[in-house]
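First the proteins, then the strands, lettered A, B, ... as listed; each starts at 1.
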Amino acid sequence: MAALSPVRGTKDLIFDDARRMRRVADTGRAVAALYGYDEIATPVFEFTNVFARTLGDTSDIVTKEMYTFEDKGGDSLTLRPEGTAGIARAFISNGLTQDLPLRVFYQGPMFRYERPQKGRMRQFHQIGVEVLGIAQPQADIEVIALGAQILAELGLGDRVQLEINTLGDTASRAAYRDTLVAYLSGHKDGLSEDSLARLDRNPMRILDSKDEGDKAVVAGAPVMSDSMNDESRAFFDTVLEGLTALDIPFVLNPKLVRGLDYYGHTAFEFTTTDLGAQGTVMAGGRYDGLIKQMGGPPTPGVGWAAGIERLSMMAGEGTPLPRPVAVIPVGADNQALGLRLAHDLRRAGIAADLAHSGNLGKRMKRANKVGARAAVIIGDDERARGVATLRDMDSGEQSDVPLDGLVETLKAAP
RNA sequence: GUGGCUGUAGCUCAGUUGGUUAGAGCACUAGAUUGUGGAUCUAGGGGUCGUGGGUUCAAAUCCCAUCAGCCACCCCA
């Protein structure tokens, strides 16, 4: 379109867009605080191996979606494609191993080199939470409850659905993987080209293929629960019982798997049908092996991330700016008084608008345009009497208010 | 990365079988209205017709390429 356009898959967030997204992030932060989660902000780029090592060599994110570049010192750096790896790294780097359990909230931009479409950008934004150091399923329940409350406070409670599954512990998962591969290998002629490739790299993902041929094969495939050992089964049961006790509705989805390698046990997604093919709005699970894999002490973890763009597209209007009071000095002699008055209002916590020029009519128009709740008019007549004309911009009613009581009067008015 | 659809003013869109200075509504600016906004009327500003090339006497219109957006796949937030 224009000669100067933003990089593909990036977007300028102007005013309303920014406010909508800020509302999502603010809601997330505020609700997380109710659960005792404090904010952590890690850099937007890391050494490449922070992601390459943790996300799995076969994941799409690592193989084709990372923004990786070499800096002037020759180090390979990568713009973070997700938040968990950076937080795990920060946990180790900062010696937070002494402060377990740790509950954190984060928020910020992520980067993935993908083909953009609605609800999918190359730079997008996420909110997320992580709990480190709690191996019990209570943490899974807590994290899901927290996510559900954020969605509810955004007004999305009945437009999303919680889908949940368990991937089991390492032993269960390995056992299942073997039986699954054995089964699928016997049905190779029914599988799509994509799935044949997945058979080696990540056979679990064939389970949620959209290919009709694959679906037919998968329909007869062995299910995860049959390979589950007692510990894994008990863990998952506790999670489900907790959700039920909290009246958080869910549907079991045995085909729900994770794209990233570090997940085990609980996997869940909040999904919607409102965003076309981009149905996932919040997704997470348990990742007990991650910290150790990165070189830290064995530390269990569970968390989720949610797409701010996707949520804000569903959540509607952002938080509006406060309606200002328009300060309108009439005549050159009263400009200084107007400036002083606007200054006093602002310092008292009242939003004030002061036009840079114009006569009374023009300034009234501006007051209307900026949505002022009231106009304070000060001309020679008012100044001589030590008052200002206060006009309610909604009702049109006017009254005289003493100048020295103006701030208090406006503070009291809603 | 693969396939399909679409690009005309800030926004939503018209523009006939190719034809001369590319239009409308909304928005914006000014005036009607020199101490009173919203409504109305009038006038005005604003366009490399996504970009580059080609065909033609002539291209917003036809052809090719490219870029971007959208949709589906892959995958995901």
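Under a 3.5 Å cut-off, the side chain of Arg363(A) and the backbone N or O of Gly358(A) do form a donor-acceptor pair.
Lys369(A) has a side-chain polar atom (N or O) that falls below the 4.0 Å cut-off from OP1 or OP2 of U29(B). Listed pair Arg120(A) / A77(B) fails the phosphate criterion, with no side-chain N or O lying under 4.0 Å from OP1 or OP2. Close to G31(B), at under 4.0 Å from its OP1 or OP2, lies a side-chain N or O of Lys362(A). Distances shorter than 4.0 Å separate none of the side-chain N or O atoms of Arg366(A) from OP1 or OP2 on G37(B). Within the 4.0 Å cut-off from OP1 or OP2 of A72(B), at least one side-chain nitrogen or oxygen of Gln117(A) is found. For Arg115(A), no side-chain nitrogen or oxygen approaches OP1 or OP2 of G1(B) to under 4.0 Å.
Summarising the base pairing, A77(B) is matched to no nucleotide, lacking a Watson-Crick or G-U wobble pair whose two defining distances lie under 3.5 Å. Taking a pair to require two hydrogen-bonding distances under 3.5 Å in either a Watson-Crick or a G-U wobble arrangement, A58(B) remains unpaired.
Regarding Met314(A), its CE atom lies at a distance of 17 Å from the P atom of A77(B), rounded to whole Å. Rounded to an integer number of Å, the gap from Asp17(A) CG to C11(B) P is 13 Å. Whole-Å rounding puts the Asp12(A) CG to G10(B) C1' distance at 14 Å. The CG-P distance, from Asp211(A) to C74(B), rounds to 8 Å in whole Å.
The listed nucleotides are C76(B), G69(B), G37(B); the one nearest the side chain of Thr280(A) is C76(B). Set against G35(B), A68(B), G1(B), the side chain of Tyr113(A) has G1(B) as its closest nucleotide. Listed nucleotides C74(B), G35(B), C28(B) differ in distance to Leu360(A); the shortest reach to its side chain belongs to G35(B).
Partners of Phe47(A) under the ring pair (Phe, Tyr, Trp, His ring centres under 6.0 Å) rule, at least two apart in sequence or in another chain, do not exist in this structure.
Salt bridge present: Asp140(A) and Arg286(A) bring a charged side-chain N and a carboxylate O closer than 4.0 Å.
C62(B) and U56(B) have their C1' atoms separated by 10 Å, given to the nearest Å.
Across all strands shown, Arg310(A) has heavy atoms under 4.0 Å from base atoms, whether or not it also approaches the sugar-phosphate.
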